[in-house]
Each structure stands twice: as C-alpha cells, then as structure tokens.
Number of protein chains: 4
Amino acid sequence: MVISPKHIQILETAEKLFAAKGFECTTVRDIAEEAGVNLAMISYYFGSKAKLMEYLFEHRTGNIGMRVENLLKNDSLAPMEKVELLIDEHIERAVQQQRFHKIMLCEQVINKNPVIIKVLRKIKIRNTQIIETLIKDGQKKGAFKKPVDVVLLLSTMIGTVNQMLINKTYYRDFNKLDDLTDEQLQALIKKRLSNHIKKLFKAILTNEP
Amino acid sequence: MVISPKHIQILETAEKLFAAKGFECTTVRDIAEEAGVNLAMISYYFGSKAKLMEYLFEHRTGNIGMRVENLLKNDSLAPMEKVELLIDEHIERAVQQQRFHKIMLCEQVINKNPVIIKVLRKIKIRNTQIIETLIKDGQKKGAFKKPVDVVLLLSTMIGTVNQMLINKTYYRDFNKLDDLTDEQLQALIKKRLSNHIKKLFKAILTNEP
Amino acid sequence: MVISPKHIQILETAEKLFAAKGFECTTVRDIAEEAGVNLAMISYYFGSKAKLMEYLFEHRTGNIGMRVENLLKNDSLAPMEKVELLIDEHIERAVQQQRFHKIMLCEQVINKNPVIIKVLRKIKIRNTQIIETLIKDGQKKGAFKKPVDVVLLLSTMIGTVNQMLINKTYYRDFNKLDDLTDEQLQALIKKRLSNHIKKLFKAILTNEP
Amino acid sequence: MVISPKHIQILETAEKLFAAKGFECTTVRDIAEEAGVNLAMISYYFGSKAKLMEYLFEHRTGNIGMRVENLLKNDSLAPMEKVELLIDEHIERAVQQQRFHKIMLCEQVINKNPVIIKVLRKIKIRNTQIIETLIKDGQKKGAFKKPVDVVLLLSTMIGTVNQMLINKTYYRDFNKLDDLTDEQLQALIKKRLSNHIKKLFKAILTNEP
DNA sequence: CATGAATGAGTCTTCATTCAT
DNA sequence: AATGAATGAAGACTCATTCAT
C-alpha cells in the first residue's frame, strides 16, 4: 500500500481520537472532520474502520527495535547497562507514543480484532525474547541472578509505565505539581520512572543493594 | 435501590461481557440473552446501559477495604509485614475480580462516564492514602527509607498485576505451563506475583538486600 | 361503570396532564405518579389509556346543558337576552374547564379515536341546534335578521374563546397586566370576552348599532 | 442549510401527516414511506424528528407578510379597506395552508418544543403589531373607535377561521352542501368567512351600522 | 482520483399492558 | 380488589459503508 501524507494525517487523527474516546466511541465521521478530509475517503483509503486500526498498528509497530538490536550486540556495555538502556528506550517510546500505548493497552484487554491480536502477540514475543537474551547473557557473565521470571519482570516495566501514563493527571494533583507545564511534568515522570524501574530491575537481577 | 438476585445476575453477566468485549461492543441484547432475562428488564432495573455500568462499579467497589483498615491499626505487625499484607490483599482482589479489574483498566484510559471517573478517582485517593499512611508509619519507626514516591510505587503494584492479568495466556505459553488447569495457573501467578512485588517493595522501602 | 373518588382523581390528573403535554406525550406512568395511584390501576380501572380519555370526555360532557335547556323555555327573556346568557354560559364553562377545552381543541384537529369523534360530533350538533332554535325564535319575533349562518356564528364564539384561552399569557404580556393575579386576569378576560362576543353577535343578529 | 426538492418533499409529507395524526402519532417511518425516501434520510437531512418540525415551521413562516407590509404603506386605501385586505390575506393563507395551520393550532396548546414556542410567539407579536399599527392609523384618521382590544379582535379573526377549518366537514353536513366539490366548498367558506369577519370587525372598529 | 448523497442494519430506550399473587 | 414485576412491540436515532458521478 502506498502511504501518502494524507494517509498519515488520517492515521494520526484516528490515533488521537481512539486514545481519547476508544475505538468504538470514535466514529469515522469524527475522524474525517477532525482530519479535515472527506468522510468517504477513510473507507476509500483504508477499506474500513477496523482496517484503519490495523494500519495504525502496523504504522506504529513497524520500525521499532532497530536501536535495541544494535544495543544487544554492543559488547562494550555491561549487562546491567544494557538493561538500563532498554528500560529508558521503553519509557521514551511509551511516553512519546502515549496515545498509541493507551490504545494498545485497551486492545489487549478487549481482544477482538484477530489481526491486532496477532500484532500484539508478535510484539510481546519480541520484547520477551530481547530481554531474555539480555538476561541470559548477564547470567552467563555472572552479573545476574538466576532464575528470573522474564514475563513477570517485563510486566513490571510495562505495567508501571502504563499505570503512570494513565495516572499522569492524578500524579500531578497528588504531588502538587500544578506549576509545571505538561512538558516539564512529562520530563519529570520520565526521569522518576527511569530511576524507579532501574532500581526495581537491579533488585531482581543483581545481588547489589 | 433494592438489589434482587436478578439484579446480581444481570450485573455479573454484564461484567463478564464488558470484560470480554468492552462496554461499547456489548449490546444490551447480549446481556439480556446471556443472563436469560427480557431485554427491557435491563432498562427497567438499571435505567440505562450506562447506569448499569455505574451500578457495577458501585457493586464492586462498595465494601472494599474493611480488612485493610483493621490491618493498619494492628500494632503487633511490623511495617513491612503490613505492606506485604496489603500487596497480597490487592493481588487476591485483582485476581478474584479479574473481569472487573479489566473493565476498570479500560475505563481509566477512555474516561467518558463522569460518574465512573469520580468513583475511580475516589478509589485511587483511598489507595494512595492507605499506603501513604503505612509508609509514613514505617518511616517514623525507622523501618523505611525516605523519601518514597507513593504513586510511583503503587503504579508498580497495580501495573504489574494488571499486566499479568492481561497476559495470563501469554504467560502460560511462554513458560510452557499447558499442563496446569486454569485454577492452578492462577494460583501459581498469584504466588509469583506476591513474591515478586514484595521483593520490589522491599527494594524501594527498606535498606536490606 | 361505578365511579369512585379514585376514578375522579385519576380522571382529573389525566386531564391536567393531557392539557399540558398532550395525550400522546402523557404516559400512564405520569398519570399514576401525579395521581398517587398504582400504575396498573389505570388499566385496571379504565381498561386502557384510550378508554381513559373516552371516560374523561363522558365525564366532562355528561351533564351539560340542563341550564341552557331551561333558559330556552323561559318566555320572559328577550331573544338577545337569551343569546347573551348562552354566550356567558359558554365562556364560563370554557374558562372553568380550560384544560378540557384545550384537549377537545386538539382532539378535533387530530381526529383519531372514533369514540371521541362521535362525542365531539354530538356536542357540536347539540350546540348548533340550541343556538339555531334560539335564532329562529328571535327571527320569528322580528328581533333578529335573517338569514344567519349558524355554524359560522358559533365558530366565532367558540373560536374567539379558544384563542383567548390559548393566548392567556400573551394577552397578559401584551397588555402589561403583570400585576394581576391569575384569578384577576381570568376574571378580566371573561368580562372582556363577554362584552366583545355579545357585541359581535349583536352586529350579526340585530339591526341596532 | 441547503433545501433540495427532496427536502421539500419530506417537509410536505411530514406536514400532511402531522396535520392528520399529530406530531407524536406520526412516526419517522410513516413519513419516510409516504415520501418514498429512506428512513435514515430524515435524520440525515433534518437531524431529528423534532428538528424536522422546526424546519417545517421555518419553511412555512419564513416569507410571510411581504404583501402586508406594502399594504400598510399604501396611502390610497382607507383604514377599513386595509383591515379588510388583512382579513382576506389571513383567510387566504389559512385556507391555503390548512394543514400547517392545524399543526400550529395544536402546538400552541401543547407547548413543548421551545424553538416552536419562540417562532409562534414571534408570529403573534408580528400579527399584533401589524393590526395595532393599522388600527392606530384608523383612529388617528377618525375612522375607528377607541379603545380597541387588539388581541381580542385578532383572536376573533384567527379563532373563527381556525374553528371553520376544523369544522369544514361539519359545515358541509349541517348546511347540506354535499353536492359541492371540496374546492367549491372551500371557496364558499372563504367567501362567507370573509364577509362574516369583515362585518364583525366593522362592528368593533367603526360606528357605522 | 475523490466525494456528496444515500442507506441497511443495528442500537438503546420507552411504554402500555398483562398477570400472578 | 389491588399491585409489583415483567414484557412485547415499537420508536427514534446512529453509523460504517457504498456508489454514481
């Protein structure tokens, strides 16, 4: 399929609305109006609303992991350093693609569109394999404890980040951070998430205090 | 409002379907058929589909925390023991009420029904306050480090559990646990979640290795 | 059919609501709640909502005209005096039974329930006959001109009164009568209607200026 | 809003059915079938059934009064001549737009849709102002008596015409006019209404016999 | 290639009425 | 005699999708 700027425009508008109102509550009309395109164009371009969602998943999950792949091969980094980079990579992407991550979160719960189920499963497998490789490497080098429940550990990383994305506003209120701009708040949350999750991973993976 | 057995029956059917297909994709007809009641009865009992959801939230969040309240007052327990009880309490409830927790998770993302937003906010505040009290107590007794980012810590507990609920099937596949019954798998996940999260909390709260 | 006080109560509540919101927009539930009776009682008492309306028509149109019949026989009154009494009689009843008159007005337009069509027709015939008799008597006595279009004349009386009932509030506003109570306004309108219509009738029926 | 021939077609079908069965008793399906258009098209074109009614009111009340405005300015006409033209104008329009006038009559009684209440009020104010201006002019020229109750006088005109519209069939029966076609009957009624109302107005406004 | 107009299918909701008690 | 619970039928409306142009 040829992807024109108009395709991107529609996809991003759809993403915004899906994240805000959910897939079902977003009408094709909403998307068309918000994106400033003709209503029929969406079916014309993507075939259907469901297919639009699938394209969105492809669009967002297409080119991930290049940097991570290289990271793994880099022998000059210690295992824990690699893990830390992975954590930061995930936080960065989750925050950058907040909307899409929210959509993914819901879609994982709902489980309806088989295509998306498949894409999600692929992502999960990929994620698990990467961290598994990393951990096994660390264990081989004696840097990490064994055994490690990889999925559980990954759940902590992904779950903590998701939960913080969901509770951004609540976090601001509870910690009385009203004077921060959205960008500042986001940066703060990223920093704190990073430190926090790294500490957690260290506790699970290493013997250091 | 009087709650008859039929009310409960409808509520639980609705919960099941909402968790499986999402609120929007579940039609009132679905619920009526699955619950074996007349279509009109749902409006008759609950007023509307949206109200039904609200009643579900009330029904499920109504009487939580009695045990936790008592726990907090018990002076014979060490701070970390209290925290551990809290963790187990949460895991127990989340697994027991998996469906409802999935619904809550989605609703937090979507943010549509104001009544539910309010209920969710109340729950969050309650949860944060409980753990905050616990932590401050531990800090006063010198058992816990300071400072502690309460919301971040809570996000780890809730996020990890949610993520594991979502990935139950994936967890079985990845760890090759096909010979376990659903109950056994569930018990295993509960156990592992408990150990895992306790370890994480210890790493954040205490100085012990 | 036995008419108990509860019947009356329901009928009058129904009348009030039918006049305010129309027959279709008034639900049986509305009537039951407003009347403080059980919902099922209305069907139980009257059979159906349509039948309730029919009973209302019977109830309100049952015992009219006794006074008028006597009036006609009274030989001590001049023809015009009789007509004037008739006019006042009509105004009095229309104002007293405003709600019912509004209902009748709508029902005449809508034409749906055959029973009510019949009742309305009977009333019309009766009214026309009475005034026709009166006019013929006046013509015989040389007091009234001939010919007279009875239905047209009646239309003026009934139409003017109806229109004023409908426009009560507008009449108050336009004539800046805000300081009057509802009762005072009503009395004023009755008085003015009476004078006005009598003048009109005189112009049509007699030769006097 | 763009008004296509199909809009008009739907509006006129709706008008016909509203006049015959009332707004509430007319279903959108009725209108769609009678107009030979798709059911969804009515919402598509007008938004809702209520809005359709509002458009009908706008459509019918939009361009009234041009002729009347000019009439008022014409100095070659005597005050009573102007009044007579006004009466004929009203009769003509009421008979021409019988259906709509019936709808208006009912809507004035029921008072539900705020938009329509507003339109009706505007019409009433306009009507009253026109006739008030006419009458004041006549009074200044010494042609008319004073004082005159404008709303009462208007009620006679409008009420009489309405009542005759409602009772057309009855009028035919009572006066044994079965051999007349509908058009002939209508013409007769218009003629008689005109003479009748003019006579009434003369009686109220002037001193002549 | 792009779109305005149109539509079939499906949704929630309301309501008068019924019926067992 | 009276009623609380229940329901079948029908209503307005929405929406993704289609299709002629």
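Order of the sequence lines sets the chain letters (A, B, ...), proteins ahead of strands, with each chain counted from 1.
Judged by the 6.0 Å and 45° rule, K6(C) forms no cation-pi pair with Y45(C).
A donor-acceptor pair under 3.5 Å is absent between the side-chain atoms of Y55(D) and the main chain of L11(D), judged by distance alone. In this structure, K21(A) contributes its side chain and N111(B) its backbone to no donor-acceptor pair below 3.5 Å.
Between I42(D) atom CD1 and dG8(E) atom C1' the separation is 15 Å, expressed in whole Å. Between the CZ atom of F46(B) and the P atom of dC12(E) there is a distance of 15 Å, given to the nearest Å. Straight-line distance from the CD atom of E33(B) to the P atom of dC12(E): 11 Å, rounded to whole Å. Put simply, CE on M41(C) is 16 Å from P on dA5(F), counting in whole angstrom units. Here the C1' atom of nucleotide dG10(E) and the CG atom of D30(B) are 12 Å apart, to the nearest Å. Counting to the nearest Å, the P atom of dT11(E) and the CG atom of L17(B) are 13 Å from each other. Taking atom CD of residue Q9(A) and atom P of nucleotide dA2(E), one finds them 13 Å apart after rounding to whole Å. One interatomic measurement links the two molecules: CG of N38(C) to C1' of dG4(F), which rounds to 7 Å at whole-angstrom precision.
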**OP:** Indicate for each nucleotide in nucleotides 13-21 of chain E, in 5' to 3' sequence, whether protein heavy atoms under 4.0 Å reach the base (B), only the sugar-phosphate (S), or nothing (-).
**Re:** BBBSBB---
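Rounded to the nearest 0.5 angstrom, I31(B) CD1 and I10(B) CD1 are separated by 8.5 Å.
With a cut-off of 3.5 Å on both pairing distances, the Watson-Crick or G-U wobble partner of dC15(E) is dG8(F). Base pairing annotation: dA20(F) forms a Watson-Crick or G-U wobble pair with dT3(E), both donor-acceptor distances under 3.5 Å.
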Original post:
Can you list the steps and then say if E58(C) with K51(C) is a salt bridge (charged side-chain N to carboxylate O under 4.0 Å, His left out)?
Top reply: CA-CA 10 Å; E58(C) 285 179 20; K51(C) 282 252 166 63; over 6 Å; no
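In summary, of the residues considered (H59(A), R60(A), R99(A)), a side-chain hydrogen bond (donor to acceptor under 3.5 Å, both in side chains) with E15(A) occurs for R60(A) alone. Applying side-chain hydrogen bond (donor to acceptor under 3.5 Å, both in side chains) to N113(C) and the options K118(C), E107(C), E54(C) leaves one that passes, E54(C).
Phosphate proximity of dA6(E) to Y45(D): present, with a side-chain N or O under 4.0 Å from OP1 or OP2. In terms of phosphate contacts, K6(C) brings no side-chain nitrogen or oxygen within less than 4.0 Å of OP1 or OP2 of dA2(F).
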